[in-house]
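First up is the structure itself, then whatever we jot down about it.
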Amino acid sequence: MPTNLPQTYRITDVIEQTPTVKTFEFAHELDFIPGQFVMVWVPGVDEIPVSLSGPSQITVKNVGEATAALHKLKKGNFIGIRGPYGNGFALPGYKVLIVGGGVGIAPMKALAQYGDKDFTSIIGAQTSDEIFFRNYFPGLHVCTDDGSEGEKAFTTVVADRLLGEQKFDAVAACGPEIMLKFLYQIADKHNVPMFFSMERWMKCGIGICGHCAIDPTGWRVCKDGPVADKAILENSEFFKYKRDMAGTEVKL
Amino acid sequence: MLATDFLGIHLKNPLVLAAGLLGTNASILKRVAASGAGAVTMKSIGPKPRAGNPNPTIISFGDVVMNAVGLPSPGYMNLDREWEGLKGIKVPLFASFYAGSVGEFAEVAEAIVPHKPALLDVNIGCPNTKSHGAIFGKDPKVAAKVVTAVKEVSGKIPVMPKLPPSDNALEVAKACVDAGADAIAGFNTWGPGMVIDINTRKKVLGFGTGGVSGPAIRPLMVKKIYDLYEAVDVPVVAVGGITTGRDAIEAIMAGASMVEIGSGTIYRGMDVFAKVAAEMESWMRENDVKSIKELVGSAH
């Protein structure tokens, strides 16, 4: 019988990756596929989906109430974990281009570290302060909006160039939806299979409440995803609109 | 063999997606419809946009499922895309809805009726909110007022209140039938219950408490459906922990004309409907039962 109850584990380490991003290590090792996520319970506050950056590790940006409460937790405190959930990256071929934008760098680190492929990597953020996990990415290209590190360019511009220069079997990516929107067009132009880690408002995390199901297929981000391929992405609500906590449509 | 009629609604089987699960938008409802359900119920539509409770909202362990989703809804005024998307749905569509006052029940029902759902499922049973749901389903007089108000605007669409499993549920059911209810669904989730994480000494569900469902409560449901069948002379619908063909037949023998499946999707996936239907057919064939109607209430 399925158990979908948060299990609380002590935080064994908190690493400040950037001024806004922290990694939390917890005292339990999960058997996971890179790209899978866990529901992280901040006891007494809220529970949010977070992609794993390692088997005992989540990496979270402080963006709202739940993540702010999580960022206040210290080594020795408890967090609740249920999962891993979702599909994870299942990539064809061997030569794979990784693209990670902002806190989307975190799940791509798990892929770079544990995936069995020949990776080339692009990670990007607004500024050098927000780049992290540099040492985990093979063949790394760093991009910043302000040019404070690596190329002064969007990740998508570098992706377009690399896909033009070399033959890749797949593009795997996570980042802001606007980045993925342009990356979709670029991967499509170069005719390379794409696998993007997507996000929608989640409640149950196990595919039964239906809240994160997308139009028009009813593909559930939590259960059928979060990694979507071209067939799911094309002609879908992705890059156009999403639904908020109430289920009301919000334009992107 | 499984095809049946419920208040004039033709169903290919008597298995309905229960309100509250997989019903938030048209796309997922159509997917459930394609996976074998005889009918599907939209997640309860509210009088205004409502975010629901903080997570965790749904947990499960062993044979227990608990939820305190808290009736999130875009509100009836923000459902154009979903109604449009539901036009092509291949099975009867039931519309569940809730409100915060008797007048508001009529207001929400009035907004739903023009979209012609096959049935109005009146949510007076949800335990996970302080101002909606079960507060209208525990007092026979209040429940009757809600049904009367909805019947005034429902036209030809059948009205089915879904009750909480209170001690006085039979009394509430009779009052609803007297007020014009065309069928009674039993029951919303039980309890509510509570789970405490012992490491942090915190309540796990964001709302603190949550309705209890899943196979563990099935015998409680079967007994109450059995009693309900004898108490009212309108069709009865069973919901609560049904995950197999055997469970569905049991509920039908207790008196249900139709059964709803909710938590069964956790245990057996979205295609639980096709699986349960196949199991029912196989049992019926072995036992020479030709129709669902032969089985309804046959344990009495």
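Keep in mind that what you see is a predicted model, and the values were worked out from it rather than measured. Reminder, nothing fancy here: chain letters follow the sequence lines and each chain counts from 1.
The CZ atom of Phe61(B) sits 6.0 Å away from atom CG of Leu5(A), with the distance rounded to the nearest 0.5 Å. Atom CG of Asn199(B) and atom CZ of Arg10(A) lie 7.0 Å apart (nearest 0.5 Å). Rounding to the nearest 0.5 Å places OG1 of Thr248(A) at 8.5 Å from CG of Leu79(B).
Heavy atoms of other residues, nucleotides or ligands lying less than 6.0 angstrom from NZ of Lys242(A) number 12 at most. Counting non-hydrogen atoms of neighbouring residues, nucleotides and ligands closer than 6.0 angstrom, the CD atom of Glu234(A) exceeds 12 such neighbours. For Lys275(B), the NZ atom sits in a packed shell: over 12 heavy atoms of surrounding residues, nucleotides or ligands are nearer than 6.0 Å.
Under a 4.0 Å N-O distance rule, the pair Arg243(A)/Glu82(B) qualifies as a salt bridge. Of the charged side-chain nitrogens involved, none lies within less than 4.0 Å of a carboxylate oxygen, so that Lys30(B) and Asp215(A) do not count as a salt-bridged pair.
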Below 3.5 Å, can you tabulate the donor-acceptor pairs from side chains in residues 204-211 of chain B to any protein atom, sequence neighbours excluded?
none

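Listed by sequence position, Met202(A), Lys203(A), Cys204(A), Ile206(A), Gly207(A), Ile208(A), Cys209(A) are the residues of residues 181-209 of chain A in contact with chain B, using a 4.5 angstrom heavy-atom cutoff. Among residues 44-75 of chain A, the residues having any heavy atom closer than 4.5 Å to a heavy atom of chain B are, in sequence order, Gly44(A), Val45(A), Asp46(A), Glu47(A).
Comparing Lys223(A), Glu249(A), Met39(A) by heavy-atom pairs within less than 4.5 Å of chain B, the highest count is held by Glu249(A). Among Asn25(B), Val65(B), Val32(B), the residue with the largest count of heavy-atom pairs under 4.5 Å with chain A is Asn25(B). Per-residue counts of heavy-atom pairs under 4.5 Å with chain B were compared for Gly247(A), Pro43(A), Gly80(A); the largest is that of Pro43(A). Interface remark: of the candidates Ala213(A), Ala246(A), Pro6(A), Ala246(A) forms the most heavy-atom pairs closer than 4.5 Å to chain B. For the options Ile198(B), Ile28(B), Thr265(B), heavy-atom pairs under 4.5 Å to chain A are most numerous at Ile28(B). Chain A forms the most heavy-atom pairs under 4.5 Å with one residue out of Pro72(B), Gly269(B), Pro49(B), Ala51(B), and that residue is Ala51(B). Ranked by non-hydrogen atom pairs under 4.5 Å with chain B, the options Trp219(A), Tyr9(A), Tyr241(A) are led by Tyr241(A). Ranked by non-hydrogen atom pairs under 4.5 Å with chain A, the options Gly262(B), Gly85(B), Ser73(B), Gly20(B) are led by Ser73(B).
In this structure, no portion of Asn67(B) lies under 4.5 Å from any heavy atom of chain A. Val195(B) touches chain A through its side chain: at least one heavy atom from C-beta onward sits under 4.5 Å away, while N, CA, C and O do not. Proximity to chain A is absent for every atom of Arg201(B), based on heavy atoms less than 4.5 angstrom apart. Using a 4.5 Å cut-off between heavy atoms, Met270(B) touches chain A through its side chain atoms alone.
With Thr24(B) contributing its side chain and Gly210(A) its backbone, the two residues share a donor-acceptor pair below 3.5 Å.
Contact between Met245(A) and Gly52(B) at its shortest, heavy atoms only, is CE-O, 4.4 Å.
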Kindly determine whether Phe78(A) and Lys202(B) satisfy side chain to side chain contact (heavy atoms under 4.5 Å, CB included), including the steps that lead there.
CA-CA 11 Å; Phe78(A) 283 101; Lys202(B) 299 275 189 203; over 6 Å; no

Apply side chain to side chain contact (heavy atoms under 4.5 Å, CB included) to residues Lys43(B) and His211(A) and explain how you reach the verdict.
CA-CA 10 Å; Lys43(B) 185 164 176 62; His211(A) 203 88; over 6 Å; no

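For Asp197(B), the side chain to side chain donor-acceptor pair (under 3.5 Å) partners are Thr8(A), Thr200(B), not counting sequence neighbours.
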